[in-house]
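Proteins get letters first, then strands, A, B, ... in listed order; numbering begins at 1 in each.
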Amino acid sequence: MENEKHHIVPYATHIMVLLGLIVLTVITVLITSVELGAYNTTAALIIASLKGAIVLLYFMHLKFDHKIYWIMVSLVIAIFAAVIVVTFFDYLYR
Amino acid sequence: MTDFNHTNREPNFLEYKGKYKGILGWITSTDHKRIGLLYFYSMMFFFLAGVVMGLLMKYELISPGEQIMGAQTYNGLFTLHGLTMIFLFVIPGVAAVFGNFFLPILIGAKDVSFPRLNLMSWYLYIIGAIIVLISQFIGDGPPDTGWTFYAPYSLKTNTNVVAAVTGAFILGFSSILTGLNFIVTMHRLRAPGMGWLRMPLFGWALYGTGWIQLLATPVVGITFLMVIAERLLGIGFFDPAIGGDPILYQHLFWIYSHPAVYIMILPAMGAITEIIPTFARKTIFGYTAIVISSMAIAFVGYFVWGHHMFTSGMSSTSRWVFSLLTFLVAIPSAIKVFNWTATLYKSSINLQTPFYWAIAFVFVFMIGGFSGLVLGSLATDIHVHDTAFVVAHFHYIVFGGTGFAFFGALHYWFPKMFARVYNFKVANTGLIIFFIGFNMLYFPMFYLGLLGMPRRYYDYLPMFHSANILSTVGSWIMATGLLIIIINLIRARKGSGKEVDDPWDGKTLEWTIPSPPIVENFEEIPEVKHGPYEY
């Protein structure tokens with residue numbers, strides 16, 4: 001563990017991430033005024049996923065971490081996505 | 001049996017004098033064994049409180065009409081009984097008590113990865129429990145929604161729902177942190193030589209459970225926050241009157257609460273898997289198959305929640321998909337039962353109390369499992385939905401599963417925890433009475449449900465009378481058995497039994513160290529050279 005290289009993310013990247021999150025938050029609000037019908041939820045989920053991915057990759061350092069964490073997080077996201085798909089399956093056919 | 005050796009012993013975790021003495025020494029200790037026992041004593045308190053509530057409800061149902069309580073009191077009581085038993089006993093259950101106590105020892109570690117977080121989990125558990133209990137006595141009266149808090153009723157009732165769901169929300173955090181702790185512990189702290197496929201199967205069960213705790217619990221936490229937000233701010237997530245969808249609540253609730261059944265049952269199965277080879281004096285049959293089945297139960301268990309909602313108005317396509325998935329999850333459970341019985345085949349069985357509990361577990365769990373097929377099948381579920389049949393099935397699985405495994409594990413590991421054996425004859429007598437009472441209490445409910453007796457009513461038609469009498473008398477017999485079992489263990493704990501290190505001649509790592517274990521479990525971290533069940 002002691003020999004592992006620690007990646008230091010430059011401030012500029014953090015600021016870019018912050019700006020990205022703010023822009024996506026503004027889009028989250030703006031998109032509610034656009035009538036997308038059944039795709040309203042899909043749009044909200046896509047934006048939320050993008051925000052989550054940025055936080056995971058940069059703020060939580062996943063981008064610079066060991067592969068095992070990538071695998072674990074990917075599996076978790078896959079399960080979560082499957083749960084959402086199965087839930088919306090009901091809405092699609094109701 | 002390995003007799004107790006008094007010489008050259010380091011102070012054990014019970015005798016250890018830390019910075020503080022007495023109760024302060026316990027509630028500030030980060031020793032995983034002490035935290036396990038803190039969970040144990042607090043959970044036993046809540047369990048016994050839940051039993052008393054159950055007995056009162058059964059007494060109310062001994063005859064048609066009002067006996068000792070009216071409708072509203074009965075509604076409050078079954079809600080509190082459900083909350084107490086589900087959130088304060090069976091969900092933390094085997095994992096919080098025996099997982100905390102034994103997981104580090106079973107994998108050859110000195111403690112869990114995050115001991116302070118572990119203590120914090122217990123504090124969150126106690127804080128959540130206190131809030132749930134307080135919710136019964138403040139505001140506009142105890143919640144009357146049942147432990148499921150179904151919308152839109154939970155949004156409309158004037159009873160104290162907000163406090164109760166806040167308590168459940170905090171309890172969820174306790175569960176998440178425990179799961180996280182166990183997962184990291186197994187990844188990072190296994191003893192040298194203990195590859196994943198040399199880990200005891202109780203560890204594998206806790207690993208699967210940990211992932212469910214980590215991934216499913218946040219869903220219900222957010223759902224409870226949505227209920228609070230809707231009650232306080234009128235947002236309209238679930239109330240159809242303001243544009244919400246009540247079926248969405250059921251989806252979100254069961255996305256957690258069905259996997260929660262596996263949070264309860266997986267560690268229970270893990271404990272049974274430790275008991276059976278020890279008393280069969282034989283290597284477990286199909287180690288890898290049991291590992292895969294544990295993980296398969298954890299995985300498939302995520303996708304079967306909709307079988308709680310067949311009559312909710314969900315789409316018919318979703319219904320058959322969930323029905324299919326429900327039948328699939330029966331396969332890994334059946335693999336475990338097959339492996340347990342295959343282990344017993346041509347073995348040299350040592351008939352002792354923990355083994356009797358394990359066999360009783362398999363028996364009642366199978367009744368629960370088979371009755372689950374009736375509920376997993378679309379057509380039959382519609383007939384028995386929301387009847388006493390569901391109550392019977394649920395108690396056979398959750399009480400028959402987790403409860404029996406909990407007491408089985410307690411009788412198995414009690415000598416390791418306290419270096420004392422209990423009176424075997426009394427323990428066996430208690431089990432027999434408990435077993436008879438259990439079946440007499442719950443089996444008639446299958447019959448009542450098939451006849452159409454609805455659940456969650458304090459009154460019923462005279463046609464259901466005789467089976468209800470049987471069930472109520474069964475509750476008294478079961479309580480008598482329980483009392484015998486508990487008194488026997490208390491007497492042993494107080495020192496009536498013989499001092500021993502290992503009464504069962506077990507092979508897993510906990511049986512290689514003195515009883516009770518020393519503070520850091522091992523004087524020297526062991527090197528593991530073979531699988532856990534080498535007989």
Side-chain angles (χ1 to χ4, degrees), chain A residues 1-6 25 28-29 31-56 59-62 64-94, chain B residues 113 176 179-180 183-184 186-188 196 207-208 210-220 222-223 237 243 245-256 258-259 295 298-310 312-326:
Chain A
M1 282 294 283
E2 284 162 12
N3 298 329
E4 277 180 24
K5 205 172 139 192
H6 292 278
T25 307
T28 311
V29 177
I31 208 161
T32 54
S33 57
V34 184
E35 187 48 62
L36 296 171
Y39 296 103
N40 272 332
T41 314
T42 315
L45 280 172
I46 289 171
I47 299 167
S49 308
L50 280 174
K51 286 197 280 190
I54 292 172
V55 171
L56 276 171
F59 284 167
M60 298 180 80
H61 281 221
L62 189 63
F64 318 106
D65 244 324
H66 201 274
K67 255 192 181 160
I68 182 78
Y69 299 112
W70 271 94
I71 296 167
M72 281 176 145
V73 172
S74 308
L75 282 174
V76 168
I77 291 171
I79 290 173
F80 183 62
V83 164
I84 288 179
V85 168
V86 175
T87 305
F88 280 89
F89 205 63
D90 171 32
Y91 288 85
L92 206 63
Y93 288 94
R94 206 187 290 170
Chain B
S113 278
I176 292 169
L180 174 75
I183 291 170
V184 179
M186 277 177 271
H187 273 275
R188 308 296 285 181
W196 281 100
Y207 187 71
W211 278 107
I212 306 175
Q213 287 172 304
L214 203 57
L215 298 188
T217 317
V219 180
V220 83
I222 291 163
T223 311
F237 293 120
D245 178 10
I247 299 179
L248 177 65
Y249 175 84
Q250 295 195 24
H251 273 299
L252 293 174
F253 179 80
W254 289 114
I255 284 172
Y256 164 74
H258 191 78
M295 298 313 285
F299 180 73
V300 183
Y302 272 111
F303 299 101
V304 300
W305 76 84
H307 66 222
H308 295 270
M309 301 164 55
F310 286 158
S312 69
M314 187 172 60
S315 75
S316 55
T317 314
S318 287
R319 274 186 277 175
W320 74 255
V321 170
F322 279 121
S323 181
L324 175 71
L325 289 167
T326 301

(request) For each of B/Ile247, B/Ile255, B/Leu214, tally heavy-atom pairs with chain A at distances under 4.5 Å, and name the one with the top tally. (result) B/Ile247
Name each donor-acceptor pair under 3.5 Å that joins a side chain in residues 67-76 of chain A to protein atoms two or more places apart or in another chain, with its distance.
unit_1, atom_1, unit_2, atom_2, d
A/Trp70, NE1, A/Leu62, O, 3.2
A/Ser74, OG, A/Trp70, O, 2.5

(message) Are more than 12 heavy atoms, taken from residues, nucleotides or ligands other than B/Phe303, located less than 6.0 Å from that residue's CZ atom?
(response) yes
(request) Quick one: pull up NE2 in B/His251 and CD1 in A/Ile84 and give me the separation to the nearest 0.5 Å. (result) 12.5 Å
(message) Taking the side chain as everything from C-beta on, heavy atoms only, tell me whether B/Trp211 gets closer than 4.5 Å to A/Ile79.
(response) no
(message) Can you list everything that forms a ring-ring contact (aromatic ring centres under 6.0 Å, His included) with B/Tyr302? Sequence neighbours excluded, please.
(response) none
(request) Examine whether an atom of B/Leu248 lies under 4.5 Å from a heavy atom of chain A, and if so say whether it belongs to the side chain, the backbone or both; otherwise answer neither. (result) both
(message) Testing the basics here: between B/Trp305 and A/Val83, what is the closest heavy-atom pair and its distance to 0.1 Å?
(response) CH2-O, 3.6 Å
(request) Would you mind reporting whether A/Asp90 and B/Gln250 have side-chain heavy atoms less than 4.5 Å apart? (result) no
(request) Evaluate whether atom CH2 of B/Trp196 has more than 12 neighbouring non-hydrogen atoms of other residues, nucleotides or ligands under 6.0 angstrom away. (result) yes
(request) Sort out for me which residue in A/Tyr93, A/Phe88, A/Phe89, A/Tyr91 forms a side-chain contact (heavy atoms from CB on, under 4.5 Å) with B/Ser318. (result) A/Phe89
